[in-house]
Structure formats: structure tokens, C-alpha cells
Amino acid sequence: MWYFTPYILLPLAAVLLALGAMRLAWPYRRLPVAKVFLGLMFSTIWWSMCHALELSNATIAGKVLLSNIQYISVVSVPLLWLLFALCYTDRAHLLPRSVLYSLILLQSGFLIGAWTNGWHRLMWPRVELTYTAGGLWVLTEPHGPLWYASVLSAYAMVFAGTVLMINQAIRSQSLYRAQAISLVVGALLPWAASMLFVTGLSPIPFVDPTPVAFALGGLAFTVAMQRYRALDLLPAARERIVDQMPDAIIVLDMHDRIIDLNPAAQAILSATTDVLGKSLARVAPPWLIEQVRDRYEGQFEVQQTGETGTTTYDLRCTTLRDRDGSPAGRIFVLRDITLFKQAAQALQEAKEAAEAASQAKSAFLSMMSHELRTPLTAILGYSEFLREDLLNRDLHSLTSDLDRIITAGRHLLTLINDILDYARLEANAVTIHPEPVHMSTLINEVVMTLQGLAKQGQNTITVTVEPDLPPVLADPVRLRQVLLNLVGNACKFTGQGEIRVHCYRSTTAEIQIDVSDTGIGIAADQLQHLFKPFVQVDNGPTRRYGGTGLGLAICQRLCQVMGGAILVTSEPGRGSTFSVRLPITGVPSAPCEVSQEDG
Ligand code: ADP
């Protein structure tokens, strides 16, 4: 009943080829085109397996059964092939669902015709078993009208698919030439094989080479598709993307002939006729010819002045190389960046104007502060001198008015000093003099200075400095100013509470000084504005504490120029912690060029 014949090697080879094609297409199985392709290859394997089994069977009943099972793929392969061609060429819309269902019905009809042949004999009028000279048992079956109808329908579908594929191959630009050739070969192979078999001209009689041809064609498709990543980006999809791109794309060959371009490039060339294959020098405007001449690689900004104004392009050139690495042409991508350039220029102008305004403001503040400070210092000096004089003459009753003048004057002087300081920092006109600073000495000095203020608010100050701390690299005068401000604020905004100054090594490269208090605290939404100049939290209650709202802005700037940072955490009603971080070694981040001069 079963026997071995070398004829089965051909269909078995088809199985292997189709399996190989399936393996290559498997990673893309989520794409509709790959799904149809996998279906096509599966059907091909079915066909070949049944064919191989049928060849190895020596009974008429076995052969008929196997050829009927094989007929499932005989009717499905042409339809799957047509679907694959439609998907691949992005023409699926050409086959409405109703037509697709009709085709499925038609093919199913042929399948039923084959299975019920015993009753009507319309497919194969006579089925006989013959022993051939090649040692093969074959079915000799003259063809009936249904068989011819089935073959005609199959050829019509394969023909439509082939036309679609060849059309796609012709439309593909030269960059896809190799892929296009594979397409044509893949499309013509099953066609040729089937013709050979049906006409009896096959070099291996009795063995249907059609599935082998489909498998071979499938392999050709997958190899071509892998090389060009066509399953990721089908040529038809590539056309759609490139065609819709607002960037102009021009591909030139080695002789500067246009081998590909998209509609955006056509618009730049003002090309009304087909320019493919023509020399760029003949069809492009002079400015473009000038710009692309001798440019092979890189990105350039080019300008073109026409009747409607100046257009700026971003021009990218890439040399195309063939597989051996030798140059095969050039690709140019032109992007219109006129609007972007205009916006960038407007932005630059606005930035310069803002910087100039800021400089002018700083210069004005600095000048005004200076001008105010000189007479104020004189007022304060003479008031104090007068006060001394009055005290010496025992005219105590007159000193209280002078005390008010002196207090107000000192307040005004602090305010002017702050403004002057901030203006200088803003204008980068502060030079700091970094040197190793021992924190414990500095902190103790600051705390001593502010002991009086702390007592006024009935606060206690505790200092903890980690032993053996290395010195920080900072300007001692400026660091003192920062700490005076922070501890001063802590005293100001705390009543009958505790202020803690804790200095420790936070990382290998940094020392941190935390100034914590148990005072009024700051609301979360105010924290982010705290370091902005002239900001005072909730003008109502804190107004009574006085101040300018410049202290923290100055502290932050100073910490930054010393290469450090300042941070704050706080909880309303529970207190705040201001932390200063300073480098142990290293240099200040932004040394300023203009020396500070106090005037
Ligand atoms: P001022 O000269 O007004 O104190 P600062 O810049 O030093 O200016 O502080 C800005 C504002 O931040 C203060 O007015 C106060 O509202 C808030 N603030 C600063 N330190 C504290 C603190 N330790 N506790 C509560 N609020 C504080």
C-alpha cells in the first residue's frame, strides 16, 4: 500500500522551503500582510505533504482520498496568493468584502466538487491507477468541466496577484530594484510551474511542481523583505510616507541624474513633467544646483531669495553606497525652516532686550543705592555725633528724637545695602575670595552676634558642630552674611522657642549647615517663592517683623557663587529648617570678573 519513491523528494523540499519562509516571516506575524503570507506558506506545506503522501500510496482509494485532502490547499493557495498581493501592494481596498466572500464560496464549491466527484464525475470523469515506467503508481484522471472551471478560477486569481506584484515592482524606484526583481521572480514562478504541469511539459512528470514554486517564491519574498525590512515598511507604505512628507527628498545617481524624488521636491524644482532620469542641472533652479554641488555629506543651512521673500532650508546630504561600500549616489533632504529661524531670531532679540533691560535696572539700582548711601551715612554720622554731644551736655530729654532718627536711618541703610548687594549679584559684579573656613569658629561668631536678638524673642540658640570637620572653601565674609541672615530670620520668626545650628558632613565632598527653628513656619505653596527677591510670606502677619524680602535671594545667590546651594523645609506653626551646602574642596562655580568695591 505504501512505498518509497524518490519523486516525493521534490514536494518534501517544498515543505522545507515553505517552513524556512515561515520562520523568516514569523517575527512579523502581527502584521496583516505577514498573517496572509504565513497562511499561504501553510497551505503550500499542506499541498506538498498531501502530494508526497499521495505519490507514496499505491491504492486507488488512498490516492483519491489524499488528492481530495490536497484539494483543500489547491483551492486556497490561489486565493491566499491574491490576498497576499493585495496586502503587500497596499491595495486591499480593491477587493470588497462581498467579492472576497464570493471567491471563498466559489473555491469551496470546487472543493465540494472534488470531494463528491464519485457521484457526478464532473471533476474527473474517470479515475484509474497506472503503474509507470519510473516505478510510480499514479492516478490518471482525464479532466472534466468542473476541473477546467476550477483551474480557470485559480489562474484568474494568481494572474491578478501577479499583475499587482509586477506593477508594484515597476513603480518601485531604483533603490528597491533588487526587491522588485525578487517580487517578479516570486510572482512568476508558481505561474510557470503550474503551466508546465498542466500542459504536461514538466521535466518531472507526475509530480506537481506548483507547491514547490509557491514555496520558492515565498522564500524569495521573505529574503527580499528581510533585506529591505519591507515587512516593517512595505514599499507601498514607504511611498505613502515619503510622498506625504513636507520635507523635499531628492535622490541622485553618480551622474547627478534624479532617480527618486517626492512631491515636495517636485514643488521646489517647479517640475511639471516627469523629471525622473533627467540631470539635476537641467531641471533644478540655479540656487539648488549651486547648493548641492560638491556636497556629499553633512548638514547645511541654505537660503533662497525669491519673489515671495527669503526661504531658509536645512539641507542634509548623505552619500548612498552600494553593498561594496563604493558611492552609488547622493540623497538630499531639504526642510523649510524659515518660520523656525524667524521665531529663533525673535526669541534672541527678546532675550537681548530683556538682558539689556535687566542690566539697565541693575545699573540704576546700583547707582541709586550708592547715591542714597552717601548722604545717609552722613545723616547717621552727624545724628550720632549730635547724640553724643547732647548726652555730654546732660540734655537727655532731647536724645529720644535723635534715637528715632538713628533707628530709622540704620533701617534705611540696611535696606539700601541689601538692594546694592542684590543688584551687584544680579549683574555678576561680585567677586568672592574663597579660602578654607573653619565652620565652628564662624558659627560661634554669628551666634554671639545674634545672642541679643535671640534674647529679645526669648529664644535659645544651640550649636552642634561635628568634630574634626575639614574646612569649607568659601568667602568667610559672604558666608558670615548668609548665616547672619538665616539665624537672624530664625530669631525674628520664632518666639519663646529654640533655634538650632547643626553643622556636619553630608557627603564626602560637602558640608551642610542646618539652621532650624520652632517658629511660625512657612506654608508649602510659599516655599518655592521664598528665594525670589522682595518676597515676604503673607504680607499681613510677617510685615510686623520688618525686612525687605531680599535677604534669602541674596543668600541663595551667594551660596551659588560659592559653589554651594541653599534649601528649605518647613511646616506652618512648627518651624523651618534652612540648609546651606558648601563644597569642602573645589572652586566656586561662577567666579565674577568685576571686583567689589564698597562705596
Ligand atoms: P526679610 O528681609 O523680609 O526677612 P528674607 O528674604 O530673609 O527677607 O525672607 C523672606 C521671607 O521669608 C520673610 O519675610 C519671611 O516671611 C520668610 N522667612 C524667612 N525665614 C523664615 C523663618 N525662619 N521662619 C519663617 N519665615 C521665614
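If you're wondering where the values come from, they're calculated on a predicted model, not measured in any experiment. In each ligand, atom 1 is the first atom listed, and ligand 1 is the first ligand listed.
Taking the charged nitrogens against the carboxylate oxygens, Arg410 and Glu384 do have a contact shorter than 4.0 Å, which makes a salt bridge. A salt bridge between Arg404 and Asp401 is present, with a side-chain N of the basic residue lying under 4.0 Å from a carboxylate O of the acidic one.
The shortest N or O to N or O distance between Gly549 and ligand 1 is below 3.5 Å. Geometrically, ligand 1 and Leu530 share no nitrogen or oxygen pair separated by less than 3.5 Å. Among the atoms of Phe578, none of the N or O lies under 3.5 angstrom from an N or O of ligand 1.
With hydrogens and angles disregarded, no donor-acceptor distance shorter than 3.5 Å links the side chain of Asp247 to the backbone of Val333. Listed for the Arg330 side chain is a donor-acceptor partner under 3.5 Å among the backbone atoms of Arg295.
The environment of OH in Tyr504 is crowded: more than 12 heavy-atom neighbours from other residues, nucleotides or ligands sit within 6.0 Å.
At a heavy-atom distance under 4.0 Å, no atom of Asp418 approaches ligand 1. With a 4.0 Å cut-off on non-hydrogen atoms, Leu552 touches ligand 1 through its backbone as well as its side chain.
Of the listed residues (Thr494, Leu550, Asp517, Val487), the one carrying the non-hydrogen atom nearest atom 23 (N) of ligand 1 is Asp517.
For Lys492, the heavy-atom gap to ligand 1 drops under 4.0 angstrom.
Classification of the Phe531-Phe578 ring pair by plane angle, with boundaries at 30° and 60°, yields perpendicular.
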